[in-house]
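All figures in this text were calculated on a predicted structure; none of them were measured in a lab.
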Amino acid sequence: MRRLIHSAILVLIPFLLTLPALPAEATVPGANGKIVFASDRSGAGFEIFVMNPDGSAVTQLTTNTAGDLEPSWSPDGSKIAFASDRDTDYEIYVMNADGTAVTQLTFNSASDNEPCWSPDGEKIVFVSDRDGDDEIYTMRTDGTGLNQLTVNDKSDRQPCWSPDGSKIVFSSNRDGDYETYVMNADGTAVTQLTFNSASDNEPCWSPDGAKIVFASDRSGAGFEIFVMNPDGSAVTQLTTNTAGDLEPSWSPDGSKIVFNSNRDGDNEIYVMNSDGTGLNQLTINNVVIDQQPAWQPVVTTPPPTQIVVRFSTVPAGTGTIIFNSTSYADGSSVTARQGTYSLRANPAVGYVFLSWETVGSVFVSDPTLSLTTCIVYGSGTIRMMQEQEQTPTPPTETPPTTPPPTETTTPPWTTSPPPTETPPQRLCVIATAAYGSPLAPEVVYMRHVRDNMIASNEAGRTLVNGWNLFYYLWSPPVAQFVATNHPLQPVARVLLVPLVGVVHVTAYIYDLATPVSAAFASVTAFTLAAILAAAIYVATPSLVIRSILSVRAKRARVRPEP
């Protein structure tokens, strides 16, 4: 077993070396979008509204006679979770950012409220009194997978995820008055952060994970806004007035804090810099309540990975290469993403296609076909090999008196030397070489599991890219050897039977783990596949060879001397 684990680790090392180091804290999720808040300005109970960061363009999103409260943005800013008593009891709902497609997530006779999205967008933490006390729960964003995190006879409220998703900060009166606590995302390791006789409420983690903002009446003059380090140290007061400043929330870039205050006589929405300066009032109504503001993250699309694919023709300047339906001449290049692309040769007039050659991190699935596919996982060059068409010149008529030419007579080819032999097939995918076609069901299925399942998310793509970097360092020669030695193809197919089975198991594990998290499913399925592959193709042969050598050594020791 020890050797099996050791072999599995050796196989995993190339993949793990390609993984980027995970930051201790999450990075800022995006730019500052709109501000969502709850208000009774419509006159029919609390509804959900949005406005621009400067307070302009206030737009009502929900319209009903119930109370819609406590809005929370999804991490990509496309959806809003909120609590509503539109079905008599408060339940958790979710809707699009424009107020459409309202969907109810929880259904019970208790009160479910204070939802907050997880940073990966796959879960919602919320508060419910379904067991008799206010406790903290999580569920998937479709309402399934309910999980209770806290269990006590006190009130645990106002949960908020850390930006890396590993912890949840919340307030609780479990020590007699409301204090701020933090726990792991699974509810373990509950740690108290604040210790005083005042009420510390509504904690909210900064986008970079460096601070926690909260409201407290510890100053004795009403609730004020404070910040502290994630361990409870360095508490700093940001607001100072005799009014109540409550419900602080960070801007996505971490530079500002939005909150509600009754400093002008009723609850309005205000914004200030993260150090307490630059106070600005956003709503001015004087007769209604505007509360529970939250800032929309605007996630920008990262620029495409700079993978440069260059194109070359031999002879130079002759013909073009059709790459992903676009024609490229000799010496041109394109910036592409990692993936599989169509490739077609377009030889010059008077030339015929011979083969493809590649340099760098680009591989052609079948170098001898003019229409094929190529795999791009890094910068490289695709070169089209071609030669002039060779047309025989008809021999001149020989006079009758001239004897027929002997076998040493120069052949009647005058335009070019005899054609060179076509290079042997060099497949870059061993399975394609073994089954003889990239369209073989086994090959198609393995690529489907790899590209459409494991690589369907960022974590999975990182693992697959790491595997590709390792696999394509040595697979092309093996594939070429199998493809050019046809008797080996049946043997290779037999050897691939366990791998096909591993791929089926991988797909099954991925489907089982996907409800938890797509990234978790990819990492789990990929790791299991690597361990199984290592056990089958590394550990098992090693053990067999070791056993054979051990038996032969024993026989040699007991063999009688002549």
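- Asn32 places no side-chain N or O within donor-acceptor distance of the main-chain N or O of Ser251, the cut-off being under 3.5 Å.
- Side chain to side chain, Thr326 and Asn324 fail the donor-acceptor criterion of an N or O pair below 3.5 Å.
- Listed for the Ser312 side chain is no donor-acceptor partner under 3.5 Å among the backbone atoms of Arg383.
- Atoms CG and CZ, on Asp330 and Phe311 in that order, are 11.5 Å from each other to the nearest 0.5 Å.
- The closest donor-acceptor contact from the side chain of Gln388 to the backbone of Gly350 lies at 3.5 Å or more, if one exists at all.
- Heavy atoms of other residues, nucleotides or ligands lying less than 6.0 angstrom from CZ of Phe107 number more than 12.
- Here the closest non-hydrogen pair linking Ile509 and Ala525 is CG2-CA, 4.2 Å.
- Proximity of Asn147 to Lys123: side-chain heavy atoms (C-beta onward) are nowhere separated by under 4.5 Å.
- Side chain of Ser522 to main chain of Ile454: a donor-acceptor pair is present (N/O by atom type, distance under 3.5 Å, no hydrogens or angles).
- Under the 4.5 Å side-chain criterion, counting only non-hydrogen atoms from C-beta, Val36 is not in contact with Gln296.
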>> Walk me through whether Trp295 and Asp253 qualify under side-chain contact (heavy atoms from CB on, under 4.5 Å).
In response: CA-CA 10 Å; Trp295 218 313; Asp253 66 1; over 6 Å; no

>> For Met183 and Ile136: C-alpha separation, side-chain torsions, deciding distance, then whether side-chain contact (heavy atoms from CB on, under 4.5 Å) applies.
In response: CA-CA 11 Å; Met183 62 182 170; Ile136 296 176; 4.0 Å; yes

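- The closest donor-acceptor contact from the side chain of Trp356 to the backbone of Ile382 lies at 3.5 Å or more, if one exists at all.
- By the 4.5 Å heavy-atom criterion applied to side chains, Pro75 and Pro119 are not counted as neighbours.
- Within the model, atoms CG of Asn457 and CZ of Phe520 stand 12.5 Å from one another, a figure rounded to the nearest 0.5 Å.
- For the atom pair OG1 (Thr318) and CD (Glu387), the distance works out to 11.5 Å, reported to the nearest 0.5 Å.
- Between the side chains of Ser456 and Tyr510, at least one donor-acceptor pair of N or O atoms lies under 3.5 Å.
- No side-chain donor-acceptor contact under 3.5 Å links Arg450 to the backbone of Val464.
- Classification of the Tyr328-Phe323 ring pair by plane angle, with boundaries at 30° and 60°, yields perpendicular.
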>> Thr191 vs Tyr181, test: side-chain contact (heavy atoms from CB on, under 4.5 Å). Steps then yes/no.
In response: CA-CA 6 Å; Thr191 303; Tyr181 294 77; over 6 Å; no

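- Residues Thr62 and Met95 form a side-chain contact, since some pair of their non-hydrogen atoms from C-beta on lies under 4.5 Å apart.
- Distance check: Ile307 CD1 to Ser379 OG gives 6.5 Å after rounding to the nearest 0.5 Å.
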> What do the steps show when you test Asp511 against Met453 for side-chain contact (heavy atoms from CB on, under 4.5 Å), and what is the final call?
Replying inline: CA-CA 9 Å; Asp511 288 336; Met453 298 178 75; 3.5 Å; yes

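- For the pair Met384 and Thr320, the tightest heavy-atom approach, listed with the atom from each and the gap, is CE-O, 3.7 Å.
- Counting heavy atoms of neighbouring residues, nucleotides and ligands inside a 6.0 Å radius, atom CZ of Arg344 does not exceed 12 of them.
- For the atom pair CD of Glu114 and OG of Ser128, the computed distance is 11.0 Å after rounding to the nearest 0.5 Å.
- Contact of the Phe82 side chain with the Glu70 side chain is not registered, since no non-hydrogen atoms from C-beta on lie closer than 4.5 Å.
- At least one side-chain heavy atom of Tyr137 sits under 4.5 Å from a side-chain heavy atom of Gln148.
- Between the side chain of Ser162 and the main chain of Lys167, a donor-acceptor pair closer than 3.5 Å is present.
- Looking at heavy atoms from C-beta onward, Ile80 lies in side-chain contact with Trp73 at the 4.5 angstrom threshold.
- For the pair Ala97 and Gly77, the tightest heavy-atom approach, listed with the atom from each and the gap, is CB-O, 3.7 Å.
- Under a 3.5 Å cut-off, the side chain of Thr372 and the backbone N or O of Leu369 do not form any donor-acceptor pair.
- Summarising the geometry of Val94 relative to Trp117, their closest heavy-atom pair is CG2-CZ2, 3.5 Å, with the distance given to 0.1 Å.
- Closest heavy-atom contact between Leu343 and Cys374: CD2-CB, 4.3 Å.
- The CG atom of Leu499 sits 8.0 Å away from atom CD1 of Ile536, with the distance rounded to the nearest 0.5 Å.
- The shortest distance between side-chain heavy atoms of Glu357 and Val364 does not fall below 4.5 Å.
- Asn184 contributes no side-chain N or O that, together with a main-chain N or O of Asp186, makes up a donor-acceptor pair within less than 3.5 Å.
- The one candidate from Ile92, Asn113, Leu146 that meets the side chain to side chain contact (heavy atoms under 4.5 Å, CB included) condition with Thr106 is Ile92.
- The main-chain N or O of Pro315 is never found under 3.5 Å from a side-chain atom of Tyr351 such that the two would form a donor-acceptor pair.
- The nearest pair of heavy atoms linking Leu495 to Tyr537 is O-OH, 2.5 Å.
- Within 6.0 Å of the NZ atom in Lys211, the count of heavy atoms belonging to other residues, nucleotides or ligands exceeds 12.
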